[in-house]
Amino acid sequence: MSTGRACQSGSSPPRRPHLQRLHGSAARFSVSGYEFLFNQPLFLLPFHWRLVGLSSAVLPPLRGPDEISHFVRISSYARGEILPTTEVNGRKGILVEPRLYSELQFFRTAGEVFAREDGLHYPQLVAGYRNPTSSSIADEPDEAPIFAPFAGTEGYNPVAYIPYIAAAAIGRLFKLDFPDMLFLMRWFGLVTFTAIAAYSIAVIPALKWAFVLIALLPVSLYNRSVLSADGAALSTALVITALCLRAAGGTAAGRVWERSLWMTLCALSKQPQIVFLLLELMFYRVKELPRQWLRVASVVLPSVILSPMWVFAVSAEIAAWRLQEEGHHPPEHFDPLWKLLYMWDHPYHFPLAAWRALSGWGDRLWQELIGIVGWQDILLPTWIYVALTVLLFLVPFQKLQVSGATRARVAVITGLVVLSYVILVYLIFFLTYTPLDVDHVRGVQGRYFVVVLPVAAIFVATVVNRELPSAMPAAIAITGSMIAGIATVEALFQAHW
């Protein structure tokens, strides 16, 4: 009776308790879903894997920069040939089976024709590969092995190739032909390096979305899609940068052995990354260094010892032979020790040559830093480079939860690392790749500098010291990663297929 009177009087019936709990749960679910989306960058990992997988799948064999040279070097490691032992006419390499050599030359020639002829698509160039009646690739079991040069990749440490070496060993076990083995190696690399990048995002205490955007730039996606040392270089740089920032922002030094391991892997991936050793100084005050020398030494000493030892062991030629093919240059122009003595007598030669290279090719370096795919011959639309550059600058706008003294120390160290890395890259190419009669440093590409973008993001955060609204970094990174991923896959597909 009371319920009927309440209804007749126009008042609403009391809400049942289970309905109240349901509404409360729905509200909490909505809030928690929102927080998960904008506070857990790793939810993009499946999207990330699909993007890199698509990039690798639509990219024909040997269409990565120097991918044929990387394949040859990886093959030598898979055979157990750590140091170069075979040399022909002053160039180091390995002896390969005639059929494999023919396959390598077939796809390399196909790539050269594709890059030279407008309007061609890859299926037209490689249609005869699987057809034994029209293919130029034949079984030649009685012929002697053929020399395949490393072409500059002999200087890369096996650390940069670990997943590729494992895949090559599996491919040799199952006797895969060249294209199948190449794609197996690519897939091993993209899974491994994507997982390492995800680990860095998981451990860094701040700037997670900045790391997401850097890891999903076109250049980053593409480098993980092909055989290259760049995938390992960026992934290890992301991890050691994250670990050092975590140590700087915490009350303890963290796991020293972990930083030592990743610092060594980072320094061995590419020679210029030896400057990342400076990141260890972010944690320690200057007056504490004498008391903490053992911790510092345990992190940096393996890299200080192993990196130079490797350089001297392989005696890398850094592909200076390419310039000798274009025209004769005195051999001492590519001798680092002779060049250093020359720099002592002519101290302004290198700075001026580096400045001419930066000022004359700055626009191209900028595009390569964001991403030019293929053999550095497939440009993305201009608006993508502009948009991603703006997003890269904005995404690290975040206040680090550290003291003022720590923030100043982190700013100094990260700025020094970025500057030192740029100078060292240009110095290496000046010493080993630039003749004295050339007025600028030759051979430097913008993609070499993507590894310092994580460090640069920390530098920007410490210097700007401003906070965007809570959802903005996530929105920026998600937008940028979608633009980068879709543009990369579309450019590769449209160009090749």
Side-chain angles (χ1 to χ4, degrees), residues 52-79 91 93-140 143 145-153 156 161 164-165 167-168 170-172 174-190 222-231 319 322 372-378 489 491-497:
V52 185
L54 282 173
S55 299
S56 182
V58 302
L59 188 67
L62 303 186
R63 274 292 289 165
D66 299 319
E67 195 169 20
I68 185 173
S69 304
H70 290 292
F71 179 86
V72 172
R73 189 56 171 133
I74 294 164
S75 298
S76 73
Y77 285 134
R79 297 178 182 182
R91 296 179 61 186
I94 60 172
L95 298 175
V96 300
E97 300 82 1
R99 178 174 177 81
L100 176 58
Y101 185 84
S102 298
E103 290 177 312
L104 292 173
Q105 296 305 311
F106 178 87
F107 284 104
R108 179 179 181 176
T109 302
E112 291 173 350
V113 173
F114 169 82
R116 186 172 60 248
E117 301 291 339
D118 293 333
L120 285 177
H121 290 280
Y122 232 80
Q124 301 171 249
L125 298 175
V126 298
Y129 174 74
R130 300 284 186 184
N131 185 355
T133 61
S134 61
S135 176
S136 62
I137 300 172
D139 292 313
E140 300 164 326
E143 290 194 9
I146 302 175
F147 177 75
F150 291 139
T153 58
Y156 288 117
Y161 295 135
Y164 305 132
I165 295 170
I170 295 172
R172 286 169 61 88
F174 288 95
K175 298 181 179 179
L176 298 180
D177 62 3
F178 165 69
D180 295 333
M181 181 180 287
L182 178 69
F183 283 112
L184 179 66
M185 293 162 70
R186 285 180 176 179
W187 277 92
F188 266 60
L190 74 88
Y222 188 67
N223 287 341
R224 285 195 295 279
S225 302
V226 299
L227 301 189
S228 172
D230 295 332
R322 294 174 179 169
I372 300 178
V373 295
W375 284 355
Q376 301 291 287
D377 56 357
I378 302 176
V489 175
L492 291 173
F493 185 82
Q494 292 293 336
H496 294 99
W497 304 101

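Along the sequence shown, the residues carry numbers beginning at 1.
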**Q** Please round to the nearest 0.5 Å and tell me the distance separating atom CD1 of Ile74 and atom CZ of Phe150.
**A** 11.0 Å
**Q** Drop me the distance from Glu97's CD to Ile146's CD1, to the nearest 0.5 angstrom.
**A** 10.0 Å
**Q** Sequence neighbours left out, what passes side chain to side chain contact (heavy atoms under 4.5 Å, CB included) with Arg172? Give chain and number order.
**A** Ala78, Arg79, Met181
**Q** For Phe147, which residues count as a side chain to side chain contact (heavy atoms under 4.5 Å, CB included) partner, sequence neighbours excluded?
**A** Thr86, Val88, Leu95, Pro149
**Q** Under the side chain to side chain contact (heavy atoms under 4.5 Å, CB included) test, which residues partner Gln376, sequence neighbours left out?
**A** Pro65, Arg364, Glu368, Ile372, Gln445, Arg447
**Q** Side chains of Leu59 and Tyr222: does their closest heavy-atom pair fall under 4.5 Å?
**A** yes
**Q** For Phe71 and Phe178, I'd like to know if the aromatic rings sit close, meaning centre-to-centre distance below 6.0 Å.
**A** yes
**Q** For Asn223 and Ser228, which heavy atoms make the closest approach, and how far apart are they?
**A** O-CB, 4.1 Å
**Q** Could you grab the distance from atom CZ of Arg186 to atom CD of Glu67, nearest 0.5 Å is fine?
**A** 4.0 Å
**Q** So which heavy atom on Ala148 is nearest to which on Val72, and how close?
**A** O-CG1, 3.7 Å
**Q** List in chain and number order the residues that pass side-chain hydrogen bond (donor to acceptor under 3.5 Å, both in side chains) with Tyr77, two or more places apart in sequence or in another chain; answer none if no residue qualifies.
**A** Arg73
**Q** Considering non-hydrogen atoms only, spot the tightest contact between Ala495 and Ile378 and give its length.
**A** CB-CD1, 3.6 Å
**Q** Working to the nearest 0.5 angstrom, can you tell me the gap between Ile68 CD1 and Leu62 CG?
**A** 5.5 Å
**Q** Once you round to the nearest 0.5 Å, how far does CG of Leu227 lie from CZ of Phe188?
**A** 13.0 Å
**Q** Looking at residues at least two apart in the chain, or sitting in another chain, which of them share a side-chain hydrogen bond (donor to acceptor under 3.5 Å, both in side chains) with Tyr161?
**A** His70
**Q** Check for a donor-acceptor pair, side chain of Thr153 on one end and backbone N or O of Ser69 on the other, with a separation under 3.5 Å.
**A** yes
**Q** May I ask you to decide whether Asp180 forms a salt bridge with Lys175, counting only side-chain N to carboxylate O separations under 4.0 Å?
**A** no
**Q** Would a 4.5 Å heavy-atom cut-off, applied to side chains only, mark Val96 and Ser75 as touching?
**A** no
